[in-house]
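Values reported hereafter were calculated over all heavy atoms of this structure, with side chains retained and with hydrogens, waters and symmetry mates removed.
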There are 2 protein chains.
Amino acid sequence: MSDATRDIETLIEMMAKLPGLGPRSARRAVLHLIKKRAPLMTPLADAMHRVSASARECLNCGNIGTTDICDICAAEKRATGELCIVEDVADLWAMERGQAFKGRYHVLGGTLSALDAIGPEELRIPKLRDRIEAEGITEVILALNATIDGQTTAHYIAEQLEGRVAVTSLAQGVPIGGELDYLDDGTISAALKARKSF
Amino acid sequence: MSDATRDIETLIEMMAKLPGLGPRSARRAVLHLIKKRAPLMTPLADAMHRVSASARECLNCGNIGTTDICDICAAEKRATGELCIVEDVADLWAMERGQAFKGRYHVLGGTLSALDAIGPEELRIPKLRDRIEAEGITEVILALNATIDGQTTAHYIAEQLEGRVAVTSLAQGVPIGGELDYLDDGTISAALKARKSF
């Protein structure tokens, strides 16, 4: 096997480590890249180098940006006193795409998990307490995933903050465009319990 | 939006162009890369640059390597007189993983398609005729996909080569480990027609 073939194999192995890609799809992606060397592969490698050199975690909230304090934390008009707690940067981005939330975020970086030995100190929970005082937060909105670990973490945070600040969480119910027949039982009973006058 | 955020968005858009990745999985992959900047993202960008600079198509067979003549075409012991015709480099790689074929390959680079105006000149078919004489090919093995376009192309090539060289094709039948219940009707009837004494 020549050096170059080994380079291609190495590239395939690296691509296969990305979430959503396995060995077979990594191979397809690399072949596609090789066929489009000039228009896609070289610019993609350049973009990766640029982001790799500049990206960093916001020291305040954990969002990803290029400065020590991210755009959202730096924006004066986002100091609304509302703080939205999310597990991961991907969730923050999802909330931002919704364009409904005007306050700031706090990215935990995971959920509490006894199995994986992840306690409050491993997450960004101590920093959360500091921020509530420093930024004059009046409402903490829990936007954690509706999984067991997510909900355990939500309960833990709510307990910690009890009496210090209002704690709310995203509503649970039927998704927009959702069909009852395809929903799980838990969602239907949650939506029934939380029913509103029409 | 800062320059850096725009860099990240650009990177996500580029990744979303890869086969097998959509906008959502591209976002997940980029977040994963950003979290693993030093161990994964920088080496991946380096590997892409290396392959982008060195990869080229073999002038003889169309395989991808780093030299004008690929390793397989250059290997004397693969001059067995057998030539395996495949649509794409991915198919060549799949055949090589099987480790059953000891001869050389010829990558067409697609299939004939009246709809897309792809005729023999657009594929590597003229070169195929040259190779049969130059390399003393005695058997051409058609390993094209079992799709309509693939089979049309196989018939076209078989006609062109009639009387000049033996033309065979991969056997069709039940895949190893395959369950009849999950096979399509065409495969079952092909396997029945080609039944062998046990």
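Side-chain N or O atoms of R124(B) include one that pairs as donor or acceptor with a backbone N or O of V107(B) at under 3.5 Å.
Both the backbone and the side chain of D46(A) come within contact range of chain B, with heavy atoms under 4.5 Å apart. Only the side chain of L40(B) comes within contact range of chain A, with at least one heavy atom under 4.5 Å from a heavy atom of that chain. Only the side chain of K35(A) comes within contact range of chain B, with heavy atoms under 4.5 Å apart. Of the atoms belonging to T10(A), not a single heavy atom falls under 4.5 Å from chain B.
Within the structure, ring-ring contact (aromatic ring centres under 6.0 Å, His included) pairs that include any residue of residues 84-139 of chain A comprise F101(A)-Y105(A) (at least two apart or interchain).
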Would you tabulate the side-chain donor-acceptor contacts of residues 11-33 of chain B under 3.5 Å, counting partners in other chains and residues two or more places apart, or write 'none'?
from, atom 1, to, atom 2, distance (Å)
S25(B), OG, G22(B), N, 2.9
S25(B), OG, G22(B), O, 3.4

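Taking chain A as the reference chain and counting heavy-atom pairs below 4.5 Å, the highest number among C70(B), A47(B), S52(B), A55(B) is found for S52(B).
Scanning both residues, R56(B) and A53(B), for their nearest heavy atoms gives NH2-O, 3.9 Å.
Between E82(B) and K102(B) there is no salt bridge, since no side-chain N of the basic residue sits under 4.0 Å from a carboxylate O of the acidic one.
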